[in-house]
2 protein chains.
Amino acid sequence: MSVNVENTVEIMAGFRALADPLRLQIIELLRSQELCVCELCKKLEVNQSKLSFHLKNLKEAGLVNSHQEGRWIYYRLNLVQFVALEHYLAEYRRFGDIPSARNCQ
Amino acid sequence: MSVNVENTVEIMAGFRALADPLRLQIIELLRSQELCVCELCKKLEVNQSKLSFHLKNLKEAGLVNSHQEGRWIYYRLNLVQFVALEHYLAEYRRFGDIPSARNCQ
DNA sequence: TTGATGTATCAAAAAATATTGATGGGTTAA
DNA sequence: TTAACCCATCAATATTTTTTGATACATCAA
C-alpha cells in the first residue's frame, strides 16, 4: 500500500524527463518507429546538439535505449519504463475514495 | 492512434508537477487523506511559503483540488487527472512492439 | 589516407524554477 | 475590536535546466 521509496527517485526522473515539450515530441515520434538522431533532427527541426542533450536526458531516465549501427545511433522507446510510470500512477486510484480531513486542531 | 496534441500541454504540465521531490511527497501524503496546509507543513517540515508555492503548482497542473473551511484550506488529490496521465502512458504500449529502423539513407 | 558524416560533450550564456523572508488579506476567538 | 492564526503572494536571490556554438571522436567512402 505504501509507495516504494527506493523507486521514487527513478519514477521522478521519468516524470521529469516527460516534462518537456521537445522530449515529448521525441517519444511521440519514437512511438511508431525507432529512429536515428539525424532523422529526429530533420523531423523536429532542431540542431543536433540540442537533440543530443534531450536524448541523453531521456536515456538517463530509462525512457529510451539506443544502439549503434555503423555511424548511426538509433533510439527506441523502453516500454518497460513507461509501464513502471503507469503503474506508479495507477497506485493512486487503487484504494478508491480518499477520506475527507478530520478537523485540523 | 495518434496522440492528441491539444491535451499534450495539460499532460506535460502534469508530468512537470510530478517531477519534484517535495511535490511527490505532498501527493503521497494526500493519498491517504485530505490535509490542510498547516498539517502538510508539519509533516514535511518545510516553511509555509514554500509549501504554498508547490501546492499552487500542483493545483495548476490539475493534480489537486482545494476547498476552504473556516481559516483552513484543505487539499486533496484530483484522481481524474492521475487517470489521465496514466492513460497517456498506457497509449505507448497499446500497439505492441515498435519496428526497428529501416536503414537511414 | 583523407575528407565527409553522425554523434557526444563541453563551456558559456540564457532561461526557467525554486527558495527565502516580508507583507497582507481573510477568519476566528477572546 | 483586537490579536492570533492560516494562508497566498511578492520581490529578491539562488539554483537548476536549457540553449548555443565550438570541438572532438568514431565511422565510412573515396
Side-chain angles (χ1 to χ4, degrees), chain A residues 9-10 12-27 29-30 33-76 100-105, chain B residues 9-10 12-27 29-30 33-76 100-105:
Chain A
V9 171
E10 292 175 21
M12 195 177 65
F15 289 139
R16 180 179 298 281
L18 293 173
D20 177 89
L22 181 56
R23 290 195 292 267
L24 230 37
Q25 286 186 277
I26 293 171
I27 62 169
L29 281 177
L30 293 181
Q33 185 181 40
E34 181 179 270
L35 290 170
C36 69
V37 179
C38 63
E39 283 172 320
L40 285 167
C41 273
K42 287 175 211 152
K43 286 177 194 262
L44 295 170
E45 299 181 321
V46 295
N47 67 58
Q48 179 267 321
S49 170
K50 186 172 176 175
L51 198 48
S52 196
F53 171 82
H54 288 286
L55 286 169
K56 182 180 181 182
N57 195 312
L58 285 167
K59 192 171 180 181
E60 288 176 348
L63 292 174
V64 304
N65 293 322
S66 66
H67 72 276
Q68 184 161 1
E69 225 170 279
R71 42 184 161 175
W72 292 280
I73 296 182
Y74 291 97
Y75 282 84
R76 66 155 57 219
S100 294
R102 56 189 186 307
N103 277 350
C104 177
Q105 284 292 18
Chain B
V9 172
E10 291 176 20
M12 195 178 65
F15 289 139
R16 181 178 298 281
L18 293 174
D20 177 271
L22 181 55
R23 290 196 293 266
L24 230 37
Q25 286 185 278
I26 293 171
I27 62 169
L29 280 176
L30 293 181
Q33 185 182 39
E34 182 178 270
L35 290 170
C36 69
V37 179
C38 62
E39 283 172 321
L40 285 167
C41 273
K42 286 175 214 153
K43 287 176 193 265
L44 294 170
E45 298 181 319
V46 296
N47 67 59
Q48 179 266 320
S49 170
K50 186 172 176 175
L51 198 49
S52 195
F53 171 83
H54 289 285
L55 286 169
K56 182 180 181 181
N57 195 312
L58 286 168
K59 191 171 181 179
E60 288 177 348
L63 292 174
V64 303
N65 294 320
S66 67
H67 73 276
Q68 183 161 1
E69 226 169 280
R71 42 184 162 176
W72 291 279
I73 296 183
Y74 290 97
Y75 283 82
R76 66 156 57 217
S100 294
R102 56 190 186 307
N103 277 350
C104 176
Q105 283 291 21

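Computed from a predicted model, the values in this text were never measured in an experiment. Each chain gets a letter, A, B and so on, in the order the sequences are listed, and its residues count up from 1.
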(request) Check side chain to side chain contact (heavy atoms under 4.5 Å, CB included) between A:Gln25 and all other residues, then give those that pass, not counting sequence neighbours. (result) A:Leu22, A:Leu44
(request) Mind listing the closest non-hydrogen atom pair of A:Lys43 and A:Leu29 along with its distance? (result) CB-CD1, 3.9 Å
(message) Using a heavy-atom cut-off of 4.0 Å across all strands, would you classify A:Cys36 as base, sugar-phosphate, or nothing?
(response) sugar-phosphate
(message) My understanding is that only residues two or more places apart in sequence, or in another chain, count here; which of them pass salt bridge (Lys or Arg N to Asp or Glu O under 4.0 Å) with B:Arg16?
(response) none
(request) Tell me, please, which residues at least two apart from A:Gln33 pass side chain to side chain contact (heavy atoms under 4.5 Å, CB included). (result) A:Leu35, B:Arg102
(request) Not counting sequence neighbours, which residues clear side chain to side chain contact (heavy atoms under 4.5 Å, CB included) with B:Ser100? List them please. (result) A:Glu34, A:Arg76
(request) Please confirm whether any donor atom in the side chain of B:Ser49 sits under 3.5 Å from an acceptor in the base of C:dT19, or the reverse. (result) no
(message) Rounded to whole Å, how long is the line connecting atom CD1 of B:Ile73 with atom P of D:dC6?
(response) 12 Å
(request) For A:Leu40 and C:dG6, give me the distance from atom CG to atom P, rounded to whole Å. (result) 13 Å
(message) Does anything in residues 50-69 of chain A come within less than 4.0 Å of DNA chain C? Heavy atoms only, and list the residues if so.
(response) A:Ser52, A:Lys56
(request) Using a 4.5 Å cut-off on heavy atoms from C-beta on, say whether the side chain of A:Ile26 contacts that of A:Leu51. (result) yes
(request) For D:dA8, take OP1 and OP2 only and decide whether either is under 4.0 Å from a side-chain N or O of B:Tyr75. (result) yes
(request) Mind calculating the distance between CE (A:Met12) and C1' (D:dT17) to the nearest angstrom? (result) 14 Å
(message) Does C:dA18 have its OP1 or OP2 closer than 4.0 Å to a side-chain nitrogen or oxygen of B:Arg23?
(response) yes
(message) Within the 4.0 Å heavy-atom criterion, would you say A:Tyr74 contacts the bases, only the backbone, or no part of the nucleic acid?
(response) nothing
(message) Using OP1 and OP2 only, check whether a side-chain N or O of A:Arg16 sits under 4.0 Å from D:dT16.
(response) no
(request) Could you please name the option among D:dT18, C:dT20, D:dA8 that lies closest to any side-chain atom of B:Gln48? (result) D:dA8
(request) Rounded to the nearest angstrom, tell me the gap between atom CD in A:Glu45 and atom C1' in D:dT20. (result) 18 Å
Run the side-chain donor-acceptor check on residues 53-64 of chain A: report pairs under 3.5 Å with partners two or more places apart or on a different chain.
unit_1: A:His54; atom_1: ND1; unit_2: A:Arg23; atom_2: NH1; d: 3.0
unit_1: A:Lys59; atom_1: NZ; unit_2: A:Ser66; atom_2: OG; d: 2.6

(message) Could you work out, with side chain to side chain contact (heavy atoms under 4.5 Å, CB included) as the rule, every residue matching A:Cys38, not counting sequence neighbours?
(response) A:Cys36, A:Trp72, B:Cys104
(message) If you assign each of A:Asp20 and A:Gly70 to its closest nucleotide in DNA chain D, which residue comes earlier from the 5' end?
(response) A:Asp20
Between the protein and nucleotides 3-5 of chain C, are there any N/O to N/O pairs under 3.5 Å, and if so, what are the atom names and distances?
unit_1: C:dT5; atom_1: O4'; unit_2: A:Arg71; atom_2: NH1; d: 3.3

(message) Restricting to ring-ring contact (aromatic ring centres under 6.0 Å, His included), what partner residues turn up for A:Phe15, sequence neighbours left out?
(response) A:Tyr88, B:Phe15
(request) Measure from CG on B:Leu24 to P on C:dA18 and round the result to the nearest Å. (result) 13 Å
(request) Take atom CG of B:Asn47 and atom P of D:dA8, then tell me their distance rounded to the nearest Å. (result) 13 Å
